[in-house]
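Scroll down for the structure; my scribbles are underneath it.
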Number of protein chains: 2
Amino acid sequence: MSAVSLVVRNRDGGRINGDLKARIQKAVSDLDYRPNSFARSLVSQLPSSISVVVPSIRNPFFGEMLEGILQVIGTRFTIQLHVPSEDMDYGIDIVRAAQEDNIAGLILATPPQTTLDSFRQTCPTVILDAYTAMDVSRIELNVVLAGHQLGRHLVELGHRSVGYLDFLPDKATFSCRREALGAVVRQAGGALHNAPAPAEYLDIEQGEAAFSRSWPLWEAAGVTAIVAADDILAYGIMKRAQEMGMTIPDRLSVASFNDIPFSALVSPALTTVDLRAHELGLQAARVLLDAIAREVSSVCTVDPELRVRRSTGSRRAGP
Amino acid sequence: MSAVSLVVRNRDGGRINGDLKARIQKAVSDLDYRPNSFARSLVSQLPSSISVVVPSIRNPFFGEMLEGILQVIGTRFTIQLHVPSEDMDYGIDIVRAAQEDNIAGLILATPPQTTLDSFRQTCPTVILDAYTAMDVSRIELNVVLAGHQLGRHLVELGHRSVGYLDFLPDKATFSCRREALGAVVRQAGGALHNAPAPAEYLDIEQGEAAFSRSWPLWEAAGVTAIVAADDILAYGIMKRAQEMGMTIPDRLSVASFNDIPFSALVSPALTTVDLRAHELGLQAARVLLDAIAREVSSVCTVDPELRVRRSTGSRRAGP
DNA sequence: TTGAAAGCGCTAACAT
DNA sequence: ATGTTAGCGCTTTCAA
């Protein structure tokens, strides 16, 4: 049997008789034999896959991120993809399921804080865009900087009363965006008027509904600009605002976080902070490979970049 | 050791002494033990995952499709995701790699014809949107109907000279779209002017570049409407056409295939044929589960739906 | 009620 | 150069 193993993997350094080798190769091809990579990793103690947990697979943000991961791991590892069934946000159970795969490493993309709190590391792990005191590798997304960039941009345009459409307010990445933005606005003498999106689900309709619900409040507060926690919500805001007859950015500026590729194409093109999804994926995979090979954990930071487009403009003269 | 196995899986029908059971549970919790699901499936002969091969993970079409698959498989199986590194289209090697996973089943999303030709089934398999004479389960996407729907719509609007931006012309799903559309246009006495996109890569820039390159030809042919093989290409076409000063749909109608969620939001909203990505995923997973459980293969068809929006309008009076 | 032993598909060390 | 054996982490007989 060892001969078969050697031939299949081309690991016979000429050690196998040409005739035997030929017979084996014929059998392999006739039977259409596929070596079971898992059985292989069971014995070699080098699993052939890594698990990736993402809150959603519909949000193109995670598609970009996955593309980055795939690019780095190449054919060295295969990916076990874990996504919560309810789309958006996951509990510890799904992380545990991921850990039960025969994996060399694990990537957790923006885990909720409660999930992270009950997390215990069982293999090299990289946590993306979340915070923990544990000795685990992390890729920090500098969302505070993102909030500052957006805040400064709006303040420079003259906006002082800013509406905010929050999302999953208990998740650090979102509360940081809101707070960093609010700090800049308040420092300029303005105010941030927060209106949380109620659902865990992130789609355009959520943005539309949230805008309908919150606009009366925002209007009463003299809001001239609205920021959404994610581009997808901003799409809904713009859609509904335009349906209600407001022109963007003349009547209302709209901006958000993420910069998925379509944000440059909606009308008007959306001002947003590029959260570098692809870069995040690249770094995560690099750090994970490193953690697997050298058994070290590390933390690195990715800085977002403001993309100014047509959806934000100077505050109109007069309230 | 068998006691451990029984306790961990809650399969001891009261057969294990309470004390032993407690000791085992304590050890499990202290060690943070994770049973290796692969080792389990190695012996039980019931693999816990299925492999899914998609040409790209950035195209939201496949995100929607995956969401559908995930929804059906629930926690019964986990997903091994395979994506070619160069984004877009894959060879037999990646399929073979997928088959080497310890899997209960395999889903191949829009495989290229050449890949399909050298495919040999090694486990329950579902092929999405591609054609083969093999006895393999398939989900057929009725792209011929899609082409007819779009063709009829344009003909009714008065268009007779239609430009077409093709993609991967050697792939059946794309050649069928083109031919079905062309048949309707020609039947109405018109002509389809084809211009293949050269790259395998699908992004907005490809659409822009292709439009710049092909517009002189199309203009010379008196084209009043352009259809792209995929929404993403249409975004590029609209972007560049508008930059060149054309208004859509007054000067030029634009339409395409896919209907990813953002197509309703671009400006003008894009007329496109909904290729039912999510439904495709649901059906694929259902058929696969069936193939795994009952060892039967089946074929089912999903019908696309035309979504008429603002990007198409009546042909101008004149030339 | 519990433990010992065989075996899932493979690889690596060893014996022939 | 080739065959035999042990063992990876688990489950499932089967014996104690």
Side-chain angles (χ1 to χ4, degrees), chain A residues 1-51 76-78 80 96-106 122-124 292, chain B residues 1-51 76-78 80 96-106 122-124 292:
Chain A
M1 287 297 94
S2 50
V4 174
S5 178
L6 290 168
V7 170
V8 166
R9 292 176 299 148
N10 281 317
R11 284 252 180 294
D12 72 307
R15 290 188 289 148
I16 304 294
N17 178 308
D19 174 48
L20 209 214
K21 184 165 174 176
R23 271 163 49 220
I24 292 175
Q25 284 169 335
K26 180 170 189 320
V28 163
S29 130
D30 285 355
L31 295 172
D32 223 22
Y33 173 74
R34 299 281 186 284
N36 183 320
S37 70
F38 158 64
R40 180 176 291 168
S41 61
L42 220 207
V43 45
S44 69
Q45 297 292 75
L46 289 171
S48 58
S49 44
I50 63 171
S51 276
R76 209 155 125 35
F77 294 109
T78 198
Q80 289 263 0
R96 292 189 66 104
Q99 288 177 319
E100 293 181 4
D101 295 335
N102 184 257
I103 49 172
L106 176 62
T122 59
C123 65
I292 292 169
Chain B
M1 285 299 94
S2 48
V4 174
S5 178
L6 291 170
V7 171
V8 165
R9 290 175 301 148
N10 281 316
R11 285 253 178 294
D12 72 307
R15 290 187 289 147
I16 304 292
N17 178 308
D19 175 47
L20 209 215
K21 184 165 175 176
R23 271 163 50 220
I24 291 174
Q25 283 169 335
K26 181 172 189 316
V28 162
S29 129
D30 286 355
L31 295 172
D32 222 23
Y33 173 74
R34 300 280 186 287
N36 184 320
S37 68
F38 281 25
R40 180 176 292 168
S41 61
L42 183 57
V43 45
S44 68
Q45 298 291 75
L46 289 171
S48 57
S49 42
I50 63 170
S51 276
R76 209 156 124 35
F77 294 108
T78 197
Q80 289 263 2
R96 292 188 67 103
Q99 289 177 318
E100 292 182 4
D101 295 335
N102 186 255
I103 49 172
L106 175 63
T122 60
C123 65
I292 292 170

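The sequence lines fix the lettering, A, B, ..., with proteins before strands; numbering per chain opens at 1.
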Rounded to whole Å, how long is the line connecting atom [atom1] of [X] with atom [atom2] of [N]?
X      : N      : atom1 : atom2 : answer
B/I16  : D/dT12 : CD1   : P     : 14 Å
A/K21  : D/dA1  : NZ    : C1'   : 13 Å
B/L46  : D/dT12 : CG    : P     : 9 Å
B/N102 : D/dC10 : CG    : C1'   : 12 Å
B/R23  : C/dT1  : CZ    : P     : 16 Å
A/L6   : D/dT2  : CG    : C1'   : 10 Å
B/L20  : C/dG3  : CG    : C1'   : 10 Å

Which of the following nucleotides, C/dA13, D/dG9, D/dT2, is nearest to the side chain of A/S2?
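Taking heavy atoms from C-beta onward, the closest nucleotide is C/dA13.
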Just compare D/dT12, D/dT11, D/dT4 and give me whichever is closest to any side-chain atom of B/V43.
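My answer, after comparing the listed nucleotides, is D/dT11.
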Toward the 5' end of DNA chain C, by each residue's nearest nucleotide, B/G18 or B/Q45
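Comparing both residues, the 5'-ward one is B/G18.
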Is there a side-chain polar atom (N or O) of B/N17 under 4.0 Å from OP1 or OP2 of C/dT2?
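For C/dT2, OP1 or OP2 has a side-chain N or O of B/N17 closer than 4.0 Å.
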Sequence neighbours excluded, which residues qualify as side-chain contact (heavy atoms from CB on, under 4.5 Å) partners of B/S5?
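Partners of B/S5 by the side-chain contact (heavy atoms from CB on, under 4.5 Å) criterion, ordered by chain and then number, come out as B/R9.
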Between A/I24 and A/Y33, is any pair of side-chain heavy atoms under 4.5 Å apart?
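Answer no - side chains too far apart.
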So, B/S49 side chain and B/Q80 main chain: donor-acceptor pair closer than 3.5 Å or not?
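Side chain of B/S49 to backbone of B/Q80, a donor-acceptor pair under 3.5 Å: no, none is there.
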Exactly one of A/D101, A/L106, A/N102 should register a side chain to side chain contact (heavy atoms under 4.5 Å, CB included) with A/C123. Which one does?
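With A/C123 as partner, side chain to side chain contact (heavy atoms under 4.5 Å, CB included) holds for just one option, A/L106.
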Of the residues in residues 28-42 of chain B, which ones touch DNA chain C at a heavy-atom distance under 4.0 Å?
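Contacts with DNA chain C under 4.0 Å: B/L42.
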Polar atoms only, N or O, under 3.5 Å: list the protein pairs with nucleotides 14-16 of chain C and their distances.
none

